[in-house]
Amino acid sequence: MLAALSIASVVFCGAIFGFFYAWVCSTMWGLDQADPRVAIAAMQAMNASVRNAVFFPAFFLTPAVLVFTAAAMRFAGQSLAALWFLAAAAVYMAFGLFLTMAVNVPMNEALARTPVPADIDVAREVWESYSGRWQFWNQVRAIASGIALIFAGIGLTRSRLTASAYDSKGRSSPSRGRVLTL
């Protein structure tokens, strides 16, 4: 069970990091190059569609999976691994989940209420006032999610699940530890 929880923690962190990272390195840069009227309409459509059953687990359940993994590690006597999983949860909750709810969601909702201007110059003003600020906070989310992923990975490597199960010649040795298995 610890192995499955540890792997789930890394996968959940990786999923949300990948989501935020994709916005950083492609989506927003592409929208910034488009006609601002198209960028506004596209962002409105993406923000409306992101609230779905595929996005929900990565965004909302990542901290729960991390905390549950930390608790399971702690109860299994693996306090160091538990600390790393708990640190991952804290970083993601503060700078991923809560930041999104406090900054990005209100910005997205305000943009959703904004009719797409027919005039390109007005649209450019709307988009420029939105995009730069949104991208800054998204980069914070991406970095924080990346740090949470690293912390979860460290938690996995610090667990006895990955303790050296091999002797000096690379042979499996049950007396030297357990191999990560599901």
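All values below were derived from every heavy atom in this structure, side-chain atoms included, with hydrogens, water molecules and symmetry-related copies excluded.
- Counting all heavy atoms, side chain and backbone alike, Leu5 lies closest to Ala72 at CD1-CB, 3.7 Å.
- Aromatic pair Tyr130/Trp127: ring centres closer than 6.0 Å.
- The two residues Arg160 and Ala76 have their closest heavy-atom pair at NH2-O, 3.2 Å.
- Within the 4.5 Å cutoff, no side-chain heavy atoms of Val126 are placed close to those of Pro36.
- Under the 4.5 Å side-chain contact rule for hydrophobic residues, Phe60 and Val11 do not share a cluster.
- Within the 4.5 Å cutoff, side-chain heavy atoms of Phe20 are placed close to those of Thr100.
- No donor-acceptor contact under 3.5 angstrom links the side chains of Glu109 and Asn47, judged on distance only.
- Distance check: Gln78 CD to Ser6 OG gives 7.5 Å after rounding to the nearest 0.5 Å.
- In the hydrophobic clustering of ILVMFWY residues, with side-chain heavy atoms under 4.5 Å counting as a link, Leu66 and Ile147 come out apart.
- The number of heavy-atom neighbours closer than 6.0 Å to CZ of Arg74, taken from other residues, nucleotides and ligands shown, is 12 or below.
- The nearest pair of heavy atoms linking Pro117 to Ile40 is CD-CD1, 4.0 Å.
- Residue-environment remark: OH (Tyr21) stays at or below the threshold of 12 foreign heavy atoms within 6.0 Å.
- Following chains of ILVMFWY side-chain contacts shorter than 4.5 Å, one can reach Val65 starting from Phe19, so the two form part of one hydrophobic cluster.
- Linking Ile, Leu, Val, Met, Phe, Trp and Tyr residues whenever their side-chain heavy atoms come within less than 4.5 Å leaves Val54 and Ile16 in two separate clusters.
- Scanning all heavy atoms of the two residues, the minimum distance from Leu111 to Gln44 falls at O-NE2, 2.7 Å.
- Of all heavy-atom pairs spanning Trp134 and Met107, the tightest one is N-CE, 3.6 Å.
- With hydrophobic clusters built from ILVMFWY side chains whose heavy atoms lie under 4.5 angstrom apart, Val105 shares a cluster with Val140.
- Summarising the geometry, atom CG belonging to Asn104 is positioned 11.0 Å from atom CZ belonging to Phe136; distances are rounded to the nearest 0.5 Å.
- Panel note: side chain Arg37, backbone Ala118; a donor-acceptor pair is recorded below 3.5 Å.
- Of all the heavy atoms in Leu156 and Ser159, the pair that sits closest is O-OG, 2.7 Å.
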Contacts under 3.5 angstrom, residues 80-95 side chains, donor-acceptor by atom type, not counting sequence neighbours:
{"unit_1": "Tyr92", "atom_1": "OH", "unit_2": "Phe59", "atom_2": "O", "d": "2.8"}

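- Applying the side-chain contact (heavy atoms from CB on, under 4.5 Å) test between Phe12 and each of Leu149, Thr62, Ile7 identifies Thr62 as the sole match.
- Annotation: the span from Met73 atom CE to Ser79 atom OG amounts to 11.0 Å, rounded to 0.5 Å.
- How far CH2 of Trp29 is from CD of Gln135: 9.0 Å, rounded to the nearest 0.5 Å.
- Note: Trp23 CH2 to Arg141 CZ = 8.5 Å, rounded to the nearest 0.5 Å.
- How far CZ of Arg133 is from CG of Asn138: 13.0 Å, rounded to the nearest 0.5 Å.
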